[in-house]
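Okay, structure first, notes after.
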Protein chains: 2
Amino acid sequence: MDYKEAKEKFISTWGSLGSLWGINKAMAQIQALLFISTKPLSMEDIMEELKISRGNTSMNLRQLMDWGIVTKVLVSGERKEFFTTEKDVQELARIVAKERSRREIRPVIKVLEDVSSIKDDGTEKTKELIKQTKALNQLTQDLDTLMNKMVNQKQNWLTKSVLKLMK
Amino acid sequence: MDYKEAKEKFISTWGSLGSLWGINKAMAQIQALLFISTKPLSMEDIMEELKISRGNTSMNLRQLMDWGIVTKVLVSGERKEFFTTEKDVQELARIVAKERSRREIRPVIKVLEDVSSIKDDGTEKTKELIKQTKALNQLTQDLDTLMNKMVNQKQNWLTKSVLKLMK
DNA sequence: ATAAACTTTCAGTAATTACTGAAAGTTTAA
DNA sequence: TTAAACTTTCAGTAATTACTGAAAGTTTAT
């Protein structure tokens with residue numbers, strides 16, 4: 001496998017993984033491309049490499065920036081904008097975890113709280129609904145706490161976490 | 001909010017969360033319905049409650065069974081099949097984590113290994129590709145290890161994990 | 001102020017994914 | 001062994017999601 005093949009394989013695999021986890025393929029691929037690039041890329045560069053339209057590129061770069069994964073960089077002497085992604089994998093994981101928690105998990109916790117606090121009318125089915133949504137709420141919050149604990153160790157959080165769990 | 005509203009809100013929220021994470025809405029909703037049900041449900045019951053077709057119900061139940069989340073139960077005196085889901089949230093989380101790791105993460109690790117072991121031809125871009133995919137491979141494996149460590153504590157893994165990380 | 005260089009937006013369209021319903025398949029009871 | 005009761009499969013269709021390209025918008029240089 002030469003460089004070109006390896007690069008393409010990586011980008012396409014990353015795109016597929018994204019799709020499986022509810023992340024738009026183009027978005028994942030743009031991130032992958034930037035992630036292995038030695039220097040910031042322009043919109044033209046990205047369009048060219050991934051064979052996608054300007055509109056698509058623009059919209060997905062915006063999303064990546066909203067997520068805090070990609071940033072604009074100014075290249076002196078150049079008029080157009082250039083983009084880079086966070087290059088540190090652990091930092092990347094932290095950002096993704098935090099964002100998905102904030103955007104997708106928090107609202108669900110809110111619903112679980114509402115649902116699990118309905119009035120117990122004494123029927124078995126109501127009791128079950130309350131019990132199960134309470135348990136789910138607890139789990140979700142525990143996982144969120146756990147994730148934040150790990151992720152907030154910032155420096156080498158993963159290694160630290162693994163070590164602690166070994167005991 | 002009465003029982004009916006709460007139930008519907010829970011089921012629809014769970015369905016939406018599924019969609020966001022790449023899980024078919026109907027599949028998530030069937031699981032949610034079973035999760036708060038006081039007794040096993042038949043295909044008819046599910047179709048009726050969620051207003052979905054027989055085909056859709058059948059296919060998604062199959063998938064849930066493949067994942068090990070739902071099981072058939074025989075109700076004595078009844079000819080048709082009935083279904084239940086795992087009711088313990090931690091066990092549920094363990095199963096989902098294991099399955100998604102096995103189906104979706106492992107294959108990616110394989111690709112990362114292949115890509116990161118291409119021959120270093122001395123160019124900067126090849127070095128970067130190797131470096132970054134190696135880092136990603138390491139991260140993925142660490143996360144997988146971490147997850148398995150947590151999840152294999154079986155009894156109350158979450159609480160145990162949180163406690164250890166508190167230190 | 002004007003225009004060239006660039007980016008964003010979005011209506012229309014394409015691609016993907018999910019769903020239906022009925023035919024085919026299977027199991028059970030008599 | 002037949003037929004009723006049930007489940008699965010899958011071709012066709014609907015719904016959703018993603019993408020394009022060009023017009024509108026913005027910035028920068030002169």
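Note on naming: letters A, B, ... go to the chains in the order of the sequence lines (proteins, then strands), and numbering restarts at 1 for each one.
Listed by chain and number, the residues in a side-chain hydrogen bond (donor to acceptor under 3.5 Å, both in side chains) with Asp120(A) are Lys127(A) (sequence neighbours excluded). When the side-chain hydrogen bond (donor to acceptor under 3.5 Å, both in side chains) test is applied to Asp2(A), no partner is found at least two apart in sequence or on another chain. Qualifying ring-ring contact (aromatic ring centres under 6.0 Å, His included) partners for Phe35(B), counting only residues two or more places apart in sequence or in other chains: none. Considering only residues two or more places apart in sequence or on other chains, Thr126(B) meets the side-chain hydrogen bond (donor to acceptor under 3.5 Å, both in side chains) condition with Asp121(B), Thr123(B). For Lys7(B), the side-chain hydrogen bond (donor to acceptor under 3.5 Å, both in side chains) test picks out Glu49(B), with sequence neighbours left out.
Grouping Ile, Leu, Val, Met, Phe, Trp and Tyr by side-chain contacts under 4.5 Å, direct or through others, leaves Met59(A) on its own. Members clustered with Val75(B): Val73(B), Phe82(B), by chain and number, using a 4.5 Å side-chain heavy-atom cutoff among hydrophobic residues.
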Trace of the side-chain hydrogen bond (donor to acceptor under 3.5 Å, both in side chains) decision for Asp45(A) with Ser42(A) = CA-CA 5 Å; Asp45(A) 295 335; Ser42(A) 69; 3.1 Å; yes
Between protein and nucleic acid, restricted to nucleotides 3-6 of chain D and to nitrogen or oxygen atoms under 3.5 Å apart, what atom pairs and distances do you find?
{"from": "dA4(D)", "atom 1": "N3", "to": "Arg79(B)", "atom 2": "NH2", "distance (Å)": "3.4"}
{"from": "dA5(D)", "atom 1": "O4'", "to": "Arg79(B)", "atom 2": "NH1", "distance (Å)": "3.3"}
{"from": "dA5(D)", "atom 1": "N3", "to": "Arg79(B)", "atom 2": "NH2", "distance (Å)": "3.1"}

Between the protein and nucleotides 13-18 of chain D, which nitrogen or oxygen pairs come in under 3.5 angstrom?
none

Return all side-chain donor-acceptor pairs below 3.5 angstrom for residues 22-29 of chain A, not counting sequence neighbours, or 'none' if the list is empty.
{"from": "Asn24(A)", "atom 1": "OD1", "to": "Ala26(A)", "atom 2": "N", "distance (Å)": "2.8"}
{"from": "Asn24(A)", "atom 1": "OD1", "to": "Met27(A)", "atom 2": "N", "distance (Å)": "3.0"}

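Counting only Watson-Crick or G-U wobble pairs whose defining distances are both under 3.5 Å, the stems of 3 or more consecutive pairs in DNA chain C are C:1-30 with D:1-30.
Here dC19(C) presents its C1' atom at 16 Å from CE of Met27(B), a figure rounded to the nearest Å. Here the P atom of nucleotide dT7(C) and the CG atom of Leu61(A) are 10 Å apart, to the nearest Å.
Closest contact between the side chain of Lys72(B) and the listed nucleotides dT8(D), dG21(C), dT8(C) involves dT8(D).
Every pair passing side-chain hydrogen bond (donor to acceptor under 3.5 Å, both in side chains) that includes a residue from residues 108-119 of chain A is listed here, sequence neighbours excluded: Lys110(A)-Asp114(A), Glu113(A)-Gln141(A).
For Ser58(A) and dT7(C), the shortest distance from a side-chain N or O to OP1 or OP2 is not below 4.0 Å.
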